[in-house]
There are 2 protein chains.
Amino acid sequence: MAELIKFESTVSFLLAKVSTAFRNSLERRMGEIGLHGGQIFVLFELWKKDGQRQIDLAKKLDIAAPTINKMIKGLIDVNLVERARYDDDGRSTRIFLTPLGITMRPQIEAQWLELEEYCLSCLNETERMILFNILNKLRSNYTGRPDPEDGE
Amino acid sequence: MAELIKFESTVSFLLAKVSTAFRNSLERRMGEIGLHGGQIFVLFELWKKDGQRQIDLAKKLDIAAPTINKMIKGLIDVNLVERARYDDDGRSTRIFLTPLGITMRPQIEAQWLELEEYCLSCLNETERMILFNILNKLRSNYTGRPDPEDGE
DNA sequence: TAAAGATTATTAGCCTGCTAATCAAAATTA
DNA sequence: TAATTTTGATTAGCAGGCTAATAATCTTTA
């Protein structure tokens, strides 16, 4: 006779729940400043390096080509980025920040820090560090992308 | 002049990345046995108590009414559950497991444990326990729903 | 009883993920 | 050069989240 699992006792169960809850918080917080949850990650990459191709953004964000395409559409709709074609390659488009996309950076970053504080308010400094390290391990395990200090 | 954040250094950043990666793993693993990622949580609640109303399932799973509605549609499509109306309340529908929904339980649970093992393969036993406890705190923080031992 | 309010399910539509399929352009190879 | 393959962007369509709006059924209240 098969053992019946206690789903609530698995880490995956909790991870799924926290994942969904976090995504909702992210969406709500970013909605307060007129953004959607996923868009901030695109902006983050463009702030590091403007004018990247869609395919390169997708690779850095670990998302598929159609996903980045839709995200960029949304960002264009709210006038945060724009597309530009170059003569050197007729296939690709380069994504550039608009002036608004540049000037909104501090506001978006402040909102991000608020989200961070809200999410982690139940954890002390030690727990936060531990969680950070464990999540880093999980991320490497999933994506094969090691800790930040390895560069890209 | 505004301080520029290092996004990668925030826990929220890693949590977002791990969330997405986990959801992808979940979808892939469950796809192997003909299911989708979210459906397992509905089944899990029905295994605990069959014949629940949609609204009650939604509350227990912390999801919105339209979401549970779509999920149940999908489960009906693959013949794992079915709807039934009762005379006592013409508004609500009760969701019941089909024979397949009952007999597939061990297979689904085995797949779940495989996912668990895959996700956590980079963590030792201590780290898993620590992660479990921290995730539990985060979950309470988000949903106001405390640890399992508090009952429902 | 009749009217007003609350509850349940559903539809429409959006964002974030995905895969599969297309199309155009570039690169490679015969 | 010509044919083939690869690459980059896009569209269509699906699942899982959401909110807002409807419709139908209870429940409550006047």
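Throughout, a chain's letter reflects where its sequence line sits, starting with A, and its residues are numbered from 1.
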* What pairs of residues pass the ring-ring contact (aromatic ring centres under 6.0 Å, His included) test when at least one of them lies in residues 57-101 of chain A, not counting sequence neighbours? -> none

* Would you say A/R139 and B/L14 make side-chain contact, with heavy atoms under 4.5 Å? -> yes

* To do: Using salt bridge (charged side-chain N to carboxylate O under 4.0 Å, His left out) as the criterion, list what pairs up with A/E127, not counting sequence neighbours.
  => B/K137

* Provide the start and end nucleotides, 5' to 3', of the part of DNA chain C that has atoms under 4.0 Å from heavy atoms of chain B. => C/dT7 to C/dC18

* Heavy-atom distance under 4.5 Å between the side chains of B/Q111 and B/E32, does that happen here? -> yes

* To do: Could I get the full list of salt bridge (charged side-chain N to carboxylate O under 4.0 Å, His left out) partners for B/D88, not counting sequence neighbours?
  => B/R94

Donor-acceptor pairs are to be reported for all side-chain atoms of residues 67-75 of chain A against protein atoms at under 3.5 Å, with residues two or more places apart or in another chain.
none

* To do: Could you pull out all residues at least two apart from A/E125 that satisfy salt bridge (charged side-chain N to carboxylate O under 4.0 Å, His left out)?
  => none

* **chain B footprint on DNA chain D, 5' to 3' - any atom under 4.0 Å from a heavy atom** => D/dA15 to D/dC26

* DNA chain C contacts among residues 67-90 of chain B, heavy-atom distance under 4.0 Å -> B/N69, B/K70, B/K73, B/R83

* Nearest-nucleotide comparison on DNA chain D, the residue closer to the 5′ end among A/R94 and A/N24 -> A/R94

* Tell me, please, which residues at least two apart from A/E114 pass salt bridge (charged side-chain N to carboxylate O under 4.0 Å, His left out). => A/R29

* **Pairwise ring-ring contact (aromatic ring centres under 6.0 Å, His included) hits with a residue in residues 11-42 of chain B, at least two apart** => A/F44-B/F13, B/F41-B/W112

* Give me the residues of residues 33-42 of chain B where at least one heavy atom lies under 4.0 Å from an atom of DNA chain D, by number, or none. => B/H36, B/G37, B/G38, B/Q39

* **CG on B/L113 to CZ on A/F7, rounded to 0.5 Å** => 7.5 Å

* Structure fact -> Between B/V18 and the options A/I134, A/L135, A/V18, the side-chain contact (heavy atoms from CB on, under 4.5 Å) test singles out A/L135

* To do: Give one of base, sugar-phosphate or nothing for B/R53, where a contact means two heavy atoms less than 4.0 Å apart.
  => sugar-phosphate

* Structure fact -> Sequence neighbours excluded, the answer for side chain to side chain donor-acceptor pair (under 3.5 Å) partners of A/D56 is A/R53

* To do: For the residue pair A/L97 and A/L43, establish whether any side-chain heavy-atom pair is separated by less than 4.5 Å.
  => yes

